[in-house]
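Following: one structure in structure tokens, then a few remarks.
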Amino acid sequence: EALFFVTGLGKLKFIDLSFSTNLIRTPDFSGVPRLVQLKLGGCSNLVEIHPSIGQLSRLKYLDLICCVSLTNLPGMSAEMQSLTTIRLYV
């Protein structure tokens, strides 16, 4: 979870963790409020997405393709009004 404790990530817009097979849960996303695109496709052992994803008001694209261990998604709040694409298929 130390991923976002590095300074200067507040301006980060794109994160691609695709095929990170050792990723089990995502870190808290509150440190990257400008995130526009999050790619987690192929993270076959991912079981949990941190609830802070629901606060990403600028997120437009979320890729969860082949996240076969993921059993549920956190609540998507009204703040996620920019979200236009969620890729979920296996």
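Reckoned from all heavy atoms, side chains included, excluding hydrogens, waters and symmetry mates.
Here the NE2 atom belonging to His50 is positioned 4.0 Å from the CG atom belonging to Asp28, to the nearest 0.5 angstrom. Atom NZ of Lys60 sits about 10.0 Å away from atom CZ of Arg58, to the nearest 0.5 Å. The distance from atom CG of Leu40 to atom CG of Asp63, rounded to the nearest 0.5 Å, is 7.5 Å. Taken from CG in Leu46 to OG1 in Thr71, the straight-line distance is 9.5 Å, to the nearest 0.5 Å.
Alongside Val47, the hydrophobic cluster contains Ile24 (criterion: ILVMFWY side chains under 4.5 Å).
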Evaluate Leu23 against Leu17 for side-chain contact (heavy atoms from CB on, under 4.5 Å), listing each step before the verdict. CA-CA 9 Å; Leu23 185 66; Leu17 296 173; 4.2 Å; yes
Please step through side-chain contact (heavy atoms from CB on, under 4.5 Å) for the pair Leu62 and Leu56, ending with a clear verdict. CA-CA 11 Å; Leu62 177 59; Leu56 296 176; over 6 Å; no
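Cluster annotation: Leu59 is connected to Ile86 through the hydrophobic network of ILVMFWY side chains, with a link wherever side-chain heavy atoms come within less than 4.5 Å.
Taking all atoms of both residues into account, the shortest heavy-atom contact from Cys67 to Gly42 is SG-N, 4.5 Å. The two residues Lys11 and Arg34 come nearest to each other via the heavy atoms CG-NH1, 3.3 Å. In plain terms, the two heavy atoms of Gly10 and Pro33 that are nearest each other are O-CD, 3.8 Å. The heavy-atom pair separating Leu35 from Ile15 by the smallest distance is CD1-CG1, 3.6 Å. Minimum interatomic distance between Ser30 and Ser52 (heavy atoms only, all atoms of both residues): N-OG, 3.8 Å. Across all non-hydrogen atoms, the minimal contact from Ser57 to Ser82 is O-OG, 2.9 Å.
Counting heavy atoms from C-beta on, the side chains of Arg87 and Tyr61 come closer than 4.5 Å. Residues Ile53 and Leu38 meet the side-chain proximity criterion, which asks for heavy atoms closer than 4.5 Å. Considering only heavy atoms from C-beta on, Leu70 comes within 4.5 Å of Leu64 through its side chain.
Not a single donor-acceptor pair under 3.5 Å links the side chain of Thr26 to the backbone N or O of Ile49. Listed for the Ser44 side chain is no donor-acceptor partner under 3.5 Å among the backbone atoms of Val68.
When the salt bridge (Lys or Arg N to Asp or Glu O under 4.0 Å) test is applied to Glu79, no partner is found at least two apart in sequence or on another chain.
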